[in-house]
> 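Take this structure, written in structure tokens, and hold onto it; I'll ask about it next.
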Number of protein chains: 2
Amino acid sequence: MRLTRAGEYAVRCMVYLAHKGQGVLISKQEICERADIPSHFLAKIAQELAKAQLIIIRQGPKGGYYLLPQPEDVSLLQVVEVMIGEIFLNDCIDRPQSCTLSKSCSVHRVWDKARNQLRETLGAVSLAELAEKESCIPVFPASISSSSQE
Amino acid sequence: MRLTRAGEYAVRCMVYLAHKGQGVLISKQEICERADIPSHFLAKIAQELAKAQLIIIRQGPKGGYYLLPQPEDVSLLQVVEVMIGEIFLNDCIDRPQSCTLSKSCSVHRVWDKARNQLRETLGAVSLAELAEKESCIPVFPASISSSSQE
DNA sequence: GGTAAATAAGATAATTAATGTCTTATTTAT
DNA sequence: ATAAATAAGACATTAATTATCTTATTTACC
């Protein structure tokens with residue numbers, strides 16, 4: 001019951017972009033190096049983020065990614081669920097038919113509550129808040145090392 | 001980010017035993033059939049529950065399992081964590097060294113809060129509560145079908 | 001337009017975790 | 001002593017995750 005690497009990488013990428021500001025194009029390479037994400041892995045992650053309309057991908061030289069919505073308008077929950085799918089915690093919440101009683105099942109109700117709380121907590125915080133405070137993702141506008149990964 | 005089958009089975013098994021009452025010996029076969037758990041899989045799960053002092057295993061003819069503590073004294077969280085390990089949600093919570101700033105990282109703080117909430121919710125409900133109310137685990141003292149799984 | 005830089009897209013491989021099964025050993029009621 | 005019941009651990013299968021590789025496409029710049 002843990003966030004996947006892909007989910008973790010997506011969060012890092014999004015926080016990094018949010019820190020740079022909405023619409024600011026950043027090269028994939030810079031993101032990889034700064035947020036410590038394997039280059040090809042980020043490519044796949046970015047595709048999903050783009051499909052979900054969270055970023056825009058620009059190809060070609062001077063290409064890269066930029067944040068599509070305002071950082072205030074994207075929650076941590078959104079980013080996480082784009083990557084790992086909707087959070088359910090327990091199978092019987094996802095597929096009510098897997099459990100005959102669902103609605104009146106005491107165990108079911110606990111998982112339902114836990115799930116709602118979790119989604120609420122992750123949904124209450126925006127990329128803007130995450131980016132404006134100090135975080136593990138190094139964002140200072142320093143020079144990028146020239147050791148490419150690609 | 002979902003409870004494993006093993007975790008789900010463990011909960012079913014424990015709720016079933018709790019419904020029967022502390023100290024009441026129930027055959028493994030009965031539990032398997034009623035809670036719909038593959039027999040050999042339950043064997044492994046039971047070993048972990050026993051190691052964690054949640055049940056006692058009796059071998060031999062007329063053997064089976066019974067609840068060691070009072071149902072009031074076992075939380076859903078305990079059962080779940082015996083099976084899947086301590087819940088962390090995010091790697092950086094489990095291993096603070098995986099993230100340089102940990103304490104002051106804004107992302108870290110959200111996961112920490114979410115984790116605490118989740119563990120609190122699961123920790124607040126006991127097997128006694130789960131067993132006394134209606135649940136998906138069929139517990140009525142009916143006859144067991146004679147079609148053995150073993 | 002041509003070229004090179006940058007990312008896309010999808011296939012594939014490697015790794016790890018989860019699930020389930022099988023075999024042999026041990027315990028215990030009768 | 002025997003048979004019933006579970007233990008313990010090895011093994012197999014499946015699925016998910018993570019990562020990489022190859023080929024294709026886009027686009028800035030000459």
Side-chain angles (χ1 to χ4, degrees), chain A residues 1-13 17 25-33 35-52 55-66 80 82-85 87-88 90-91 94 98 144 146 148-150, chain B residues 1-13 17 25-33 35-52 54-66 80 82-88 90-91 94 98 144 146 148-150:
Chain A
M1 194 167 291
R2 194 173 296 210
L3 187 65
T4 60
R5 295 303 291 164
E8 167 70 21
Y9 290 152
V11 171
R12 282 195 220 163
C13 171
L17 289 178
L25 187 75
I26 307 291
S27 79
K28 175 175 156 237
Q29 196 174 299
E30 175 177 337
I31 300 169
C32 286
E33 291 177 12
D36 196 25
I37 304 174
S39 172
H40 286 299
F41 206 167
L42 178 58
K44 284 215 305 202
I45 289 164
Q47 284 161 37
E48 298 203 55
L49 294 173
K51 215 186 304 170
I55 65 171
I56 293 290
I57 298 174
R58 256 296 255 311
Q59 287 189 210
K62 311 250 174 183
Y65 312 142
Y66 64 84
V80 168
V82 162
M83 297 310 303
I84 67 172
I87 291 174
F88 284 106
N90 192 305
D91 201 57
D94 182 15
S98 76
I144 302 301
S146 56
S148 166
Q149 295 191 37
E150 213 147 12
Chain B
M1 195 166 291
R2 194 173 295 210
L3 186 65
T4 60
R5 295 305 290 163
E8 167 71 21
Y9 290 153
V11 171
R12 282 196 219 162
C13 170
L17 289 178
L25 186 76
I26 307 291
S27 81
K28 174 175 157 236
Q29 197 176 297
E30 174 177 337
I31 300 169
C32 286
E33 291 177 12
D36 196 24
I37 306 173
S39 172
H40 286 299
F41 205 169
L42 179 58
K44 285 212 304 200
I45 290 164
Q47 284 161 35
E48 298 204 56
L49 294 173
K51 217 186 303 169
L54 293 181
I55 65 172
I56 293 290
I57 298 173
R58 258 294 257 310
Q59 287 189 212
K62 310 250 171 180
Y65 312 143
Y66 64 84
V80 167
V82 162
M83 296 310 303
I84 68 171
E86 196 174 332
I87 291 173
F88 283 106
N90 192 305
D91 202 58
D94 183 15
S98 75
I144 301 302
S146 57
S148 166
Q149 295 191 36
E150 214 147 7

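To find a chain, count down the sequence lines: A is the first, B the second, and so on, and within it residues start at 1. Only this structure's heavy atoms are used, side chains among them; waters, hydrogens and symmetry mates stay out.
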> Considering only C/dT23, D/dA7, C/dA9, which nucleotide approaches the side chain of A/Q47 most closely?
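Closest of the options to the side chain of A/Q47: C/dA9.
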> To the nearest 0.5 Å, tell me how far B/H40 NE2 sits from B/K44 NZ.
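That separation rounds to 11.0 Å.
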> Taking 4.0 Å as the cut-off, does a side-chain nitrogen or oxygen of A/Y9 come that near to OP1 or OP2 on D/dT17?
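It does not, given that no N or O in the side chain of A/Y9 lies less than 4.0 Å from OP1 or OP2 of D/dT17.
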> Five pairs at each end of the helix from C/dG1-D/dC30 to C/dT30-D/dA1: take the axis at both ends and give me the angle between them to 10°.
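Taking five pairs per end, the axes differ by 10°.
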> Once you round it to whole Å, what is the distance between C1' of D/dT17 and CG of B/D91?
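Spelled out: CG on B/D91 to C1' on D/dT17 is 14 Å.
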> Between C/dT7 atom C1' and A/L49 atom CG, what is the distance in whole Å?
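Checked: the CG to C1' distance equals 15 Å.
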> For each nucleotide in nucleotides 10-15 of chain D, reading 5' to 3', give B when a protein heavy atom comes within less than 4.0 Å of its base, S when such contact involves only the sugar-phosphate, and - otherwise.
------
> Considering residues at least two apart in sequence or located in another chain, which fulfil the salt bridge (charged side-chain N to carboxylate O under 4.0 Å, His left out) criterion with B/E86?
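B/E86: salt bridge (charged side-chain N to carboxylate O under 4.0 Å, His left out) contacts with B/R115.
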> Roughly, in whole Å, what's the span from CD in A/E8 to P in D/dA16?
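One finds 22 Å between P of D/dA16 and CD of A/E8, rounded.
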> Under a 4.0 Å threshold between the charged nitrogen and the carboxylate oxygen, would B/E8 count as salt-bridged to B/R12?
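Answer for the salt bridge query: yes.
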> Strictly under 4.0 angstrom, non-hydrogen atoms only: write out the protein contact profile of nucleotides 13-18 of chain C, one letter per nucleotide from the 5' end, B, S or -.
-----S
> Might you point out which heavy atoms bring B/A43 and B/Y65 nearest each other, and give the distance in Å?
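Answer, listing the atom of B/A43 first, then B/Y65: CA-OH, 4.0 Å.
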> What is the distance, to the nearest angstrom, from the NE2 atom on B/H40 to the P atom on D/dA5?
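In whole Å, D/dA5 P lies 15 Å from B/H40 NE2.
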> I need the minimum non-hydrogen distance between B/I84 and A/M1, along with the two atoms involved.
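What the structure gives for the nearest pair is CD1-CB, 4.1 Å.
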> Take the protein atom CG of A/L42 and the nucleotide atom C1' of C/dA6, then report the distance between them rounded to whole Å.
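Rounding to the nearest Å, CG of A/L42 and C1' of C/dA6 are 13 Å apart.
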> Drop me the distance from B/I87's CD1 to B/D94's CG, to the nearest 0.5 angstrom.
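Atom-to-atom, B/I87:CD1 and B/D94:CG are 12.0 Å apart.
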> Could you work out, with side chain to side chain contact (heavy atoms under 4.5 Å, CB included) as the rule, every residue matching B/L25, not counting sequence neighbours?
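Side chain to side chain contact (heavy atoms under 4.5 Å, CB included) check on B/L25 returns B/R58, B/Y66.
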> Measure CD1/B/I37 against C1'/D/dT6 and give the value in whole Å, please.
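So the two atoms are 15 Å apart, to the nearest Å.
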> To the nearest Å, give me how far apart CD (A/E33) and P (C/dA6) are.
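It is 12 Å, rounded to the nearest whole Å.
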> Starting at the 5' end of nucleotides 23-30 of chain D, put B wherever the base has a protein heavy atom under 4.0 Å, S where only the sugar-phosphate does, and a dash everywhere else.
--BBBBS-
